[in-house]
Amino acid sequence: MATKLLERRSVTSELLRDRGDLMVVAGLGAPAWDCTAAGDHPLTFPLWGAMGGACMIGLGIALAQLAKSVLIITGDGEMLMGLGSLGTVAVQRPANLSIVVLDNEHYGETGMQKTHTAHGVDIAKVALACGFKSASVVTTMAELAVARKAIYEGKSGPHLYVVKVGNEKVSIALPPRDGPHLKNRFRQALLGEKAFV
Amino acid sequence: MQTQHQAVPVAIDWPAQIHRTLRDFDVKQVAYVPDAGHRKLIELCHADTTMRAVSLSTEEEGIALTSGAWLGGARGVLLMQSSGVGNCINMLSLARACNFPLLMIITMRGEWGEFNPWQVPMGQAVEPSLKLFETIVLRADSPEEVQPSVEAGAKLAFNGYNLVAVLLGQRLIGSKAFKSVDD
């Protein structure tokens, strides 16, 4: 039983250490900064907009690369805007796709207004109802380690983990902003020279 | 005396032609929100084992999906009705900010003999709003225009990294009518 909320940066560092060829989509705002703080990487596609679209971008990657694992790391506000995409993902049954929702129950970039999760909306239950293979609320680093294993194996998804995190102050760590650069570095790291044919 | 054969006009199977063209361009992910005008094409894509047909809960999911497909090295297309264009507007920023190729094939309502007044505002706003987002808009209003428009659009999207919409006019598809309206 957790006595205090997990720290978001500890969570992303644990998820992204020794990441190998894991492909990551980082939702806009704090999750993108968290992923950058854990170490910017060509196989991370950080979003500077497209709110509500993170999971669908991840689904497109996952369906194109069935043998490799895809992880979407996003926030509760971003996930709530694309709640329907949980249904779309579940219907496609991508075994190699996992979603981590860093849930601080607030819109952190806009003045810390409460999101629906602060009022009891349970994203994990929504994912389960949609047909995700697993969906759970993570409150300890031990539970996160179990999640990490399934995420990297990429064979039993789709999985969704709502990780309850605190609202501690963190340093800003901004990823590159240039869209074509982010796109091309990802494709080059994944596809090599074929990226530009 | 030579027998004169009367040329019998053969109906152009334009949904099959679109499907064939998508195959020729190696499109692997077909995102759609259904429309009656896309019914046959959607069935063909579902039946095609070289493609993954992805039913969406709202159209903007398709912009994100096809962008992700491109990141993963695959090509996608988005099929929708004109009313769905309005749902896509902000997500078009993703395609534009990153120069993702985007091919949309849009069946039109609200422009030719439309009986439903609620379809008209978005139908009429499709072309101007797409153009505000610097999307190249091609049109097909007759069966013989469909395949060349889709092919041209696919080239502009996948070879030229453009946002492209091919509008299939309501004149092509036929205006929808319900029995109770006709009677």
Side-chain angles (χ1 to χ4, degrees), chain A residues 23-25 27-28 42-68 70 72 81-94 96-97 130 177-192 194-195 197, chain B residues 26-34 42 45-46 49-80 84 87-103 133-134 158-163:
Chain A
M23 294 180 281
V24 176
V25 177
L28 82 169
L43 287 176
T44 294
F45 190 71
L47 299 176
W48 285 87
M51 188 161 175
C55 287
M56 290 303 299
I57 296 170
L59 179 63
I61 300 170
L63 295 180
Q65 293 288 335
L66 294 169
K68 292 182 173 169
V70 177
I72 297 110
M81 193 174 281
L83 218 48
S85 65
L86 291 177
T88 303
V89 167
V91 168
Q92 294 302 319
R93 305 184 189 289
N96 55 335
L97 181 146
C130 286
R177 283 198 305 282
D178 184 63
H181 168 68
L182 293 167
K183 172 190 69 174
N184 287 328
R185 73 176 193 172
F186 191 103
R187 279 172 55 90
Q188 189 166 26
L190 176 65
L191 308 167
K194 280 192 204 152
V197 174
Chain B
D26 200 27
V27 169
K28 296 291 190 205
Q29 297 185 25
V30 181
Y32 69 90
V33 172
I42 290 166
C45 293
H46 266 291
T49 53
T50 71
M51 297 174 172
R52 174 79 77 121
V54 179
S55 173
L56 309 170
S57 75
T58 177
E59 290 83 356
E60 67 264 38
E61 289 179 4
I63 315 280
L65 183 89
T66 58
S67 298
W70 186 259
L71 286 176
R75 293 176 173 184
V77 66
L78 171 56
L79 315 179
M80 64 180 148
N87 291 345
C88 288
I89 295 297
N90 183 53
M91 203 59 84
L92 289 172
S93 311
L94 168 67
R96 277 208 48 207
C98 300
N99 287 354
F100 280 116
L102 176 61
L103 178 61
F133 263 78
E134 294 184 9
F158 301 124
N159 301 338
Y161 314 113
N162 291 293
L163 280 63

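Proteins get letters first, then strands, A, B, ... in listed order; numbering begins at 1 in each. Everything quoted here is computed from the prediction, not taken from an experiment.
- Chain B forms more heavy-atom pairs under 4.5 Å with one residue of A/Q65, A/M23, A/Q92 than with any other, namely A/Q92.
- Within the 4.5 angstrom heavy-atom criterion, atoms from both the backbone and the side chain of A/L63 approach chain B.
- Residue B/T58 does not touch chain A at all, counting heavy-atom pairs closer than 4.5 Å.
- Residue contact with chain A, scored on non-hydrogen atoms closer than 4.5 Å, involves the backbone of B/A53 exclusively.
- Contact count against chain A (heavy-atom pairs under 4.5 Å) is highest for B/A69 among B/S93, B/G76, B/A69.
- Considering only heavy-atom pairs separated by less than 4.5 Å from chain B, the leading option among A/G53, A/C55, A/G49, A/G58 is A/G53.
- B/E61 places a side-chain N or O within donor-acceptor distance of the main-chain N or O of A/S85, the cut-off being under 3.5 Å.
- Pairing each heavy atom of A/P180 with each of B/A97, the nearest pair is CD-O, 3.1 Å.
- Here the CZ atom belonging to A/F45 is positioned 7.0 Å from the OG atom belonging to B/S67, to the nearest 0.5 angstrom.
- A pairwise comparison of heavy atoms in B/G73 and A/R187 identifies CA-NH1, 3.9 Å as the closest pair.
- For a residue to count as touching a neighbouring chain, one of its non-hydrogen atoms must lie under 4.5 Å from one of that chain's; by this rule A/L59 touches chain B with backbone and side chain alike.
- The candidate from B/N90, B/V54, B/L92 with the greatest count of non-hydrogen atom pairs under 4.5 Å with chain A is B/V54.
- Here A/I57 contributes atom CD1 and B/L94 contributes atom CG; the two are 4.5 Å apart, rounded to the nearest 0.5 Å.
- Side chain of B/K28 to main chain of A/A64: no donor-acceptor pair is present (N/O by atom type, distance under 3.5 Å, no hydrogens or angles).
- The line from CG of B/L71 to CZ of A/R185 is 11.0 Å long, rounded to the nearest 0.5 Å.
- In this structure, the side chain of B/Q29 engages the main chain of A/G60 through a donor-acceptor pair within 3.5 Å.
- When the candidates A/D178, A/L182, A/L190 are compared by the number of heavy-atom contacts under 4.5 Å with chain B, A/L190 comes out ahead.
- The shortest heavy-atom contact between A/M56 and B/L56 is CE-CD2, 3.9 Å.
- For A/M51, the part lying under 4.5 angstrom from a heavy atom of chain B is the backbone only.
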